[in-house]
Amino acid sequence: MGSVDTPVRVLLVDDDPLVLTGLRIMLSGAPGLAVVGEAADGEQVVAAVAEHRPHVVLMDVRMPGMDGIAATRALRTGGADDPQVIVLTTFDADDTVARALRAGAAGYLLKHTEPERIVEAVHRAASGEPVLSPAVARALMDRVAADTGPGAGTRGGAGPGDADPGGPAGAGPGSGGGRDAERRRAARERLALLTVREREVADAVAAGLSNTEIARALHMSLGTVKAHISSALTKLDLAGRVPLALLAHDARDPDLP
């Protein structure tokens, strides 16, 4: 996806006309991308997606009426045709980004991100890769892991949008280090299903690396990386890369950097 013949279809959602104009101008000139529609608030998003059939939605967070988090949740129903959503923010507050991930977003970008990185992020999201830098990936997974257990994101269990953002984080028996140790033990038991190379790839996903970066770091082909990720998701019954990253993060030794 994303070739000249079959460009990635992008829908822009923002209540600021200047932001919409800037994004449209920037993305319309990028190879492999086509801006197919725009919406000014979250309440217009579902209808706009039905009309324009985008592959990727660039979604503002703070909008009047339905905000970007609620709109993302409305779009990410688990269907095969659901578009990937990249949430746009003006700040990198981990609470906002964690809520976006729980709602089903593929990742997020700051609005002052360099144009070439925004274009790259759209292509990555269209290919099913989360848009997270290594530093942000660690911060976000720390936050999300506090609200979800090792089973979050399984096809048969709670998904990224099922956590209750208003509920008490970590409620249940035990507290603090006890909960962390139990989550770490459970995550390691699940990851024991993977081969050594699949586990290495899972750890790289947790570090926020793209498939290309994983291939370079682990000295394997891009196709092999994709095959390992697909195999890991199947063995662990996970719905995508973000739950895989969270699981690998949960299994890490807390004393390691």
Side-chain angles (χ1 to χ4, degrees), residues 1-76 81-133 135-137 140 160-161 208 210 212 241-242:
M1 185 181 294
S3 68
V4 175
D5 294 330
T6 57
V8 174
R9 299 168 60 84
V10 183
L11 176 72
L12 307 177
V13 185
D14 201 296
D15 64 327
D16 187 335
L18 290 177
V19 172
L20 282 177
T21 299
L23 288 171
R24 185 192 327 116
I25 293 172
M26 176 184 65
L27 296 177
S28 295
L33 300 183
V35 176
V36 296
E38 299 174 6
D41 62 59
E43 294 175 348
Q44 300 176 9
V45 169
V46 173
V49 166
E51 177 182 357
H52 300 293
R53 296 297 191 186
H55 301 118
V56 176
V57 177
L58 284 178
M59 182 91 71
D60 186 23
V61 171
R62 299 197 172 187
M63 296 180 288
M66 180 185 289
D67 67 15
I69 305 297
T72 298
R73 188 175 294 113
L75 292 180
R76 300 295 295 166
D81 295 329
D82 287 355
Q84 297 294 329
V85 178
I86 299 175
V87 170
L88 294 168
T89 70
T90 55
F91 53 92
D92 57 354
D94 60 352
D95 177 66
T96 299
V97 184
R99 289 173 56 226
L101 287 181
R102 288 198 297 267
Y108 90 106
L109 294 172
L110 297 179
K111 289 187 177 180
H112 61 256
T113 299
E114 298 89 342
E116 59 271 18
R117 291 192 61 190
I118 294 179
V119 171
E120 177 191 7
V122 172
H123 282 290
R124 285 181 60 182
S127 299
E129 295 188 38
V131 185
L132 300 172
S133 71
V136 170
L140 294 183
S210 68
T212 301
R241 292 171 65 107
V242 170

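In this structure, the side chains of Asp15 and Asp60 come closer than 4.5 Å at one or more pairs of heavy atoms. Between Leu27 and Ile118, the closest side-chain pair of non-hydrogen atoms falls below 4.5 Å. Leu18 is not listed as a side-chain neighbour of Leu20, based on a closest heavy-atom distance of 4.5 Å or more. Within the 4.5 Å cutoff, the side chain of Leu75 has heavy atoms near those of the Val45 side chain. A 4.5 Å side-chain heavy-atom check between His55 and Pro83 finds every atom pair outside the cut-off. Two residues are said to be in side-chain contact when any heavy atoms from C-beta on lie closer than 4.5 Å; Leu12 and Leu23 meet this criterion.
Of the inter-residue distances, the one linking Leu11 atom CG with Glu51 atom CD reads 9.5 Å to the nearest 0.5 angstrom. Separating the CZ atom in Arg124 from the CD1 atom in Ile86 is a distance of 9.5 Å, to the nearest 0.5 Å. The structure places CD of Gln84 at 12.0 Å from CE of Met59, a figure rounded to the nearest 0.5 Å. Distance check, rounded to the nearest 0.5 Å: CG of Asp16 to CG of Leu88 gives 11.5 Å.
For Ser28 (side chain) and Ile25 (main-chain N/O), no donor-acceptor pair under 3.5 Å exists by modelled atom type. Under a 3.5 Å cut-off, the side chain of Arg9 and the backbone N or O of Pro54 do not form any donor-acceptor pair.
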> Yes or no on side chain to side chain contact (heavy atoms under 4.5 Å, CB included) for Leu33 and Val122, after CA distance, side-chain angles and deciding distance?
Replying inline: CA-CA 8 Å; Leu33 300 183; Val122 172; 3.7 Å; yes
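When every heavy atom of Pro115 is checked against every heavy atom of Met26, the shortest pair comes out as CB-SD, 3.2 Å.
Residues satisfying the salt bridge (Lys or Arg N to Asp or Glu O under 4.0 Å) criterion with Arg24, sequence neighbours excluded, are Glu38.
Annotation: salt bridge (Lys or Arg N to Asp or Glu O under 4.0 Å) contacts involving residues 81-90, sequence neighbours excluded, are absent.
Classification of Lys111 and Asp14 as a salt-bridged pair holds, one side-chain N sitting under 4.0 Å from a carboxylate O.
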